[in-house]
Amino acid sequence: MKATVIATFFGLFLICTYAAKEVTKKTKKAKLYVPQIDCDVKAGKIINPEFIAKCPPGCQDVKYRVYGTDIYASFSSVCNAAIHSGVIDNAGGKILVQKVAGHSGYRGSFSNGVRSLSLPRWRESFLVSEGKPRKGVTYPSTLEYSSSKSTVVKSEPKKPEQDLKATKTADASEKASEQGDAVHTEHESSPVVKPATQMAITTPTPMTTTMDPYTTAPTTIPATTKTTTAAKPRPGLHRVRDIGSSSVHPAYSSVVAAASRQVQTVQGREQNTAFRGTSTFASNRNILRPNTAMETDLWKPGLSFFDTGFSSKEELNLKPLESISQGNPNCKIDLSFLIDGSWSIGKRRFQLQKQFLSNIVQALGIGSIGPLMGVVQYGNDPSTEFNLQTYTNSKDLRDAIEKIPQKGGLSNVGKALSFVNKNFFLDANGNRRGAPNVVVVMVDGWPTDRVEEASRLARESGINIFFVTIEAAAESEKQNVIEPKFVDKAVCRTNGFYAINVPSWFSLHKVVQPLVKRVCDTERLVCSKTCLNSADIGFVIDGSSSVGTGNFRTVLQFVANISKEFEISDTDTRIGAVQYTYEQRLEFSFDKYSTKQDVLSAIKRISYWSGGTSTGAAISYASEQLFSKSKPNKRKIMILITDGRSYDDVRVPAMAAHQNGVITYSVGVAWAAQDELEAIATDPDKEHSFFVDDFDNLYRFVNQLIQNICIEFNSQPRN
């Protein structure tokens with residue numbers, strides 16, 4: 001009987017357990033359906049503030065435009081932006097898209113085979129990351145499109161006639177959008193920011209009521225809040241040149257404390273005045289309500305001739321992002337700080353220097369998608385304290401700076417710059433090829449060796465050099481300076497941008513924000529050697545009778561559209577031009593014009609010649625008159641445009657140019673001979689030769705040419 005009862009209870013237990021498992025299975029959350037989007041879909045067309053979508057294969061194409069780096073303007077192709085950022089490749093895949101506020105500047109770059117363009121401002125932005133759901137966020141299985149696209153993506157398949165209708169509607173909208181004269185860079189009203197997710201707030205938050213321009217109802221927006229902690233004051237020493245002095249400055253503690261408060265106050269103000277929702281990686285995610293964007297094709301004929309393109313003049317909104325492990329995306333640089341560890345600086349001033357570094361780190365916002373920083377200390381010999389990949393957040397980096405011991409020795413700055421150039425910016429040390437290389441040199445007084453040659457070699461390797469000098473030599477000490485005006489010889493510009501002089505160690509805190517803004521202003525870091533500022537580009541233009549006056553002007557526009565994408569100056573990319581018929585004419589040489597506007601104006605003034613077509617002689621002429629005078633550290637690039645077969649041989653002149661290091665691109669139009677285009681072009685031919693049947697379609701090759709130039713540059717080893 002007892003055994004029967006036990007068996008009965010055991011049977012009931014098994015039945016209950018099985019039933020519970022079945023209930024659990026039934027109540028499990030349904031699998032998320034991921035809608036698919038097309039390659040040409042732009043983030044601004046989708047209303048959803050945050051969504052997961054699937055990109056198809058084949059979106060890596062120049063016709064799917066991308067604007068920005070890390071943060072993208074909302075009229076960028078979502079899928080091509082994902083390829084540019086490295087989230088997916090051309091095979092497609094799932095992505096997570098998060099809408100954020102409009103940005104004051106979008107920086108173009110070449111990354112993962114995609115060339116993104118620059119833009120000064122736009123009303124809405126987006127971030128793209130791996131297609132993994134975030135905890136606590138519900139993602140839509142259908143995507144809502146703005147009124148410019150009348151269809152809604154649904155989980156069930158649409159009928160073929162519905163697809164056709166949706167495509168026609170989208171195409172009509174795109175066509176109307178592309179007929180605008182220019183991309184709007186100013187807006188009459190600021191779009192209202194709304195929170196994307198409801199977050200818990202532990203402290204009372206002031207509320208602001210505004211009118212949403214898209215609705216008649218008032219919108220209540222929580223104001224952003226930030227908690228700041230004053231930096232711990234450190235004891236210090238009044239600046240004296242004598243090593244043995246130990247007189248303590250009586251007001252130093254209050255000075256440092258005030259400096260820390262000032263840094264925090266400035267950062268707090270910038271946090272509040274910057275666009276709401278920048279900290280989208282943290283808790284408060286604010287979005288802009290999408291609006292139909294007028295998009296223009298920057299390359300199509302009919303736009304303002306020789307338009308110099310966008311350039312952002314606004315200051316970056318910099319703020320500490322210490323709580324965000326990914327860092328400040330507005331400042332993606334690889335930074336090496338050279339600190340002075342010589343005996344002449346003294347122990348207490350060495351502590352002041354470390355406090356300055358700590359404040360810089362806090363203001364930068366260190367992280368994997370923002371700035372990364374390493375430190376090199378120099379004395380007699382330089383040594384790396386830690387490299388770029390050692391610390392990827394501000395807190396750990398500041399703790400490491402605090403523990404740096406002083407080396408002592410002389411102030412051999414030149415030796416330190418040579419060391420950094422050869423050893424610091426290596427892939428093994430965390431160097432990111434898509435981020436500018438920046439060196440900030442701290443100098444107490446003056447160097448004890450020469451810096452000019454070491455600085456020149458570093459700059460030619462793509463390193464931007466900044467100098468922060470404290471308490472320059474007095475009149476009685478100038479006789480000890482080995483290299484007078486050493487700062488001007490070390491930096492690439494003598495306009496004051498790359499050099500900051502501080503009269504006293506106790507004034508050092510005042511230059512934290514100015515220095516951070518300068519090193520983060522990637523638009524002005526033109527000393528960095530990239531595919532856009534490292535070449536001598538010579539255009540060889542066919543002016544024969546078959547081209548005609550109208551088509552010749554179209555060719556000049558093509559030349560101008562390529563030229564304006566490069567950083568043009570005496571030390572950056574230089575442009576030259578030759579026109580040819582039976583004869584050849586040097587329109588202007590590489591050293592003739594040193595600004596972009598002057599180059600574009602010179603291109604506009606080129607007059608049509610008319611005559612025969614001797615392309616081979618033109619190549620030889622360009623080799624002798626242009627490229628023989630190219631700078632040794634510049635890449636030599638020839639871009640030849642012709643519309644017909646040459647009257648003379650092109651193979652021997654082209655081969656001679658190739659042997660002299662000239663990278664040659666051939667662009668053929670209409671009756672140009674394919675075999676000649678391939679003979680002119682550098683190997684491999686398919687990447688260096690182009691053909692189009694009509695002059696009006698030349699604009700299509702602008703992006704592809706620049707992409708190929710950049711791909712080729714990035715595949716070369718560093719100098």
_Given F691, F690, Y665, the one that forms ring pair (Phe, Tyr, Trp, His ring centres under 6.0 Å) with F701_ = F690
*From the options L556, V559, I603, select the one residue that forms a side-chain contact (heavy atoms from CB on, under 4.5 Å) with F539.*
V559
*Hey, is the main chain of T581 close enough, under 3.5 Å, to the side chain of D542 for a donor-acceptor pair?*
no
*Should the SG of C79 and the SG of C39 be checked, would they turn out to be under 2.5 Å apart?*
no
_Polar side chain donor-acceptor pair, S614 to Y580, under 3.5 angstrom_ = no
*Are any side-chain N or O atoms of K332 and backbone N or O atoms of P436, one a donor and one an acceptor, separated by less than 3.5 Å?*
no
*Give the C-alpha distance, both sets of side-chain angles, the deciding distance and a yes or no for side chain to side chain contact (heavy atoms under 4.5 Å, CB included) between I706 and F110.*
CA-CA 9 Å; I706 294 169; F110 183 83; over 6 Å; no
*Should the heavy atoms of other residues, nucleotides or ligands under 6.0 Å from CD of E130 be counted, would the total exceed 12?*
no
*Verdict with supporting geometry, F558 and F695, ring-ring contact (aromatic ring centres under 6.0 Å, His included)*: CA-CA 9 Å; F558 173 71; F695 284 94; over 10 Å; no
_Side-chain touch R585/S607, heavy atoms, less than 4.5 angstrom_ = yes
*Do E712 and N708 have side-chain atoms, one donor and one acceptor, less than 3.5 Å apart?*
no
*Quick one: do D536 and R574 make a salt bridge, cutoff under 4.0 Å?*
yes
_Quick one about Y106 and S116 (side-chain donor to acceptor, distance below 3.5 Å, no hydrogens or angles considered), yes or no?_
no
*Between N330 and H103, do the side chains contain an N or O donor and an N or O acceptor separated by less than 3.5 Å?*
yes
*Is T573 reaching over with its side chain to a backbone N or O of L532, donor-acceptor style, under 3.5 angstrom?*
yes
*Taking NZ, NE, NH1 and NH2 as the nitrogens, is one of them in D675 or R645 under 4.0 Å from a carboxylate oxygen of the other?*
yes
*Can you check whether K63's main-chain N or O pairs, donor with acceptor, with D61's side chain at less than 3.5 Å?*
yes
*Around atom NZ of K631, are there more than 12 heavy atoms of other residues, nucleotides or ligands at under 6.0 Å?*
yes
*Is it true that the side chains of T613 and S646 contain a donor and an acceptor less than 3.5 Å apart?*
no
